[in-house]
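Data block below; observations after.
Below, chain A is the first sequence line, B the second, and so on; all start at residue 1.
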There are 2 protein chains.
Amino acid sequence: MPRPSPVRDALRELFERPEHRTWSLEELLGEVHGMIGGGDYSTVFRAVAVLEEHGHVSRVDLGDGLARYEASGAHHEHVRCERCGQVAEVPGCVLADAAEAIEASTGFRLRGHSLVFSGVCPECAS
Amino acid sequence: MPRPSPVRDALRELFERPEHRTWSLEELLGEVHGMIGGGDYSTVFRAVAVLEEHGHVSRVDLGDGLARYEASGAHHEHVRCERCGQVAEVPGCVLADAAEAIEASTGFRLRGHSLVFSGVCPECAS
DNA sequence: TTGAGTGCAAAGGCTTTGCAGTGCT
DNA sequence: AGCACTGCAAAGCCTTTGCACTCAA
């Protein structure tokens with residue numbers, strides 16, 4: 001039996017929050033720090049790696065060179081502002097229908113996809 | 001007036017080839033080396049940066065941590081094999097229709113998107 | 001005692017940048 | 001001479017790993 005893991009527990013709790021957003025490792029570290037008053041970058045890194053292996057979280061790539069993680073489950077895409085980096089969510093999955101056609105045309109057996117829209121958010125546009 | 005740039009010229013020629021694929025910096029360096037017998041990683045890097053600024057090529061993120069570049073123009077998505085890393089193209093753009101709905105729901109003004117499907121290619125599946 | 005969980009520090013891998021040399025213009 | 005283009009080398013940034021320590025089982 002594994003011994004208690006405050007860091008991983010904090011992360012698990014974090015990812016169970018109703019707000020479904022993406023977290024970079026640094027943001028996760030900050031949250032963990034606030035929750036248990038400790039924690040280390042590498043520990044967080046390893047903890048999310050375990051959570052990812054167990055299917056609790058998914059690593060997402062928003063194209064800004066940072067690894068981000070989100071709770072598995074409700075799948076959706078993201079929009080990232082080219083100017084300020086703000087990330088918003090796109091409700092619903094736009095691609096459910098496309099998958100089948102793509103499998104037929106490429107011969108690949110699809111298992112996932114990563115879609116990031118980029119543009120300018122309302123604040124930056126004004 | 002800029003003086004001649006063998007590296008950039010080679011790259012421009014490379015990106016004008018009919019085969020429309022993505023290139024990592026290392027692959028580009030290899031090609032350039034084969035074309036003009038010289039070239040350097042950083043030179044290639046700066047050359048594609050210029051080409052990108054001028055809108056001739058686009059940087060694409062396939063989610064494997066490598067920067068890749070493709071000729072601007074015909075836009076399409078990619079499928080990357082989770083096992084061997086092979087990249088295939090998805091004919092047509094699946095997302096033309098979705099953009100408008102997304103702008104309405106998020107308030108972002110969209111300028112682009114990055115979509116990568118992942119799965120298992122025919123070779124790896126067998 | 002044994003090994004999972006941690007921290008600290010350092011290694012890796014790729015991208016970017018600094019700088020001095022070279023050759024057009 | 002002035003400056004764009006290059007190469008080489010080094011700096012940056014994140015991610016990932018090594019190692020030694022602590023503590024529950």
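Across C/dT15, D/dT6, C/dA9, the shortest atom-to-atom separation from the side chain of A/S42 is found for C/dA9. In the set C/dC14, D/dT6, D/dT15, the nucleotide with an atom closest to the side chain of A/A67 is D/dT15.
A donor-acceptor pair is defined here as one N or O able to donate and one able to accept, closer than 3.5 Å; no such pair exists between the side chain of A/T43 and the backbone of A/G39. The backbone N or O of A/E52 sits nowhere less than 3.5 Å from a side-chain atom of A/H56 that would complete a donor-acceptor pair. Between the A/E70 side chain and the A/W23 main chain, no donor and acceptor come within less than 3.5 Å of each other. Of the possible donor and acceptor atoms, one in the side chain of B/E27 sits under 3.5 Å from a partner among the backbone N and O of B/S24. For the pair A/S72 (side chain) and A/G55 (backbone), a donor-acceptor distance under 3.5 Å is present.
Checking the phosphate oxygens (OP1, OP2) of C/dG7, a side-chain nitrogen or oxygen of A/T43 falls inside 4.0 Å. At D/dT6, one or more side-chain N or O atoms of B/S5 fall inside 4.0 Å of OP1 or OP2 (strictly under the cut-off). For D/dT16, the OP1/OP2 oxygens have a side-chain nitrogen or oxygen of A/R59 closer than 4.0 Å. Within the 4.0 Å cut-off from OP1 or OP2 of C/dG7, not a single side-chain nitrogen or oxygen of A/Y41 is found.
Atom CZ of B/R46 and atom P of D/dA4 are 13 Å apart (whole Å). Atom P of nucleotide D/dC5 and atom CZ of B/R8 are separated by 4 Å, given to the nearest angstrom. Summarising the geometry, the separation between CG on B/L66 and P on D/dT15 is reported as 15 Å, rounded to the nearest angstrom. Rounded to an integer number of Å, the gap from CZ of B/F45 to P of D/dC13 is 14 Å. Rounded to an integer number of Å, the gap from A/Y69 OH to D/dC14 P is 14 Å. Between B/L11 atom CG and D/dT6 atom C1' the separation is 13 Å, expressed in whole Å. One can place CG of A/D40 at 15 Å from P of D/dT16, the figure rounded to the nearest angstrom. Regarding A/I36, its CD1 atom lies at a distance of 11 Å from the C1' atom of C/dG5, rounded to whole Å.
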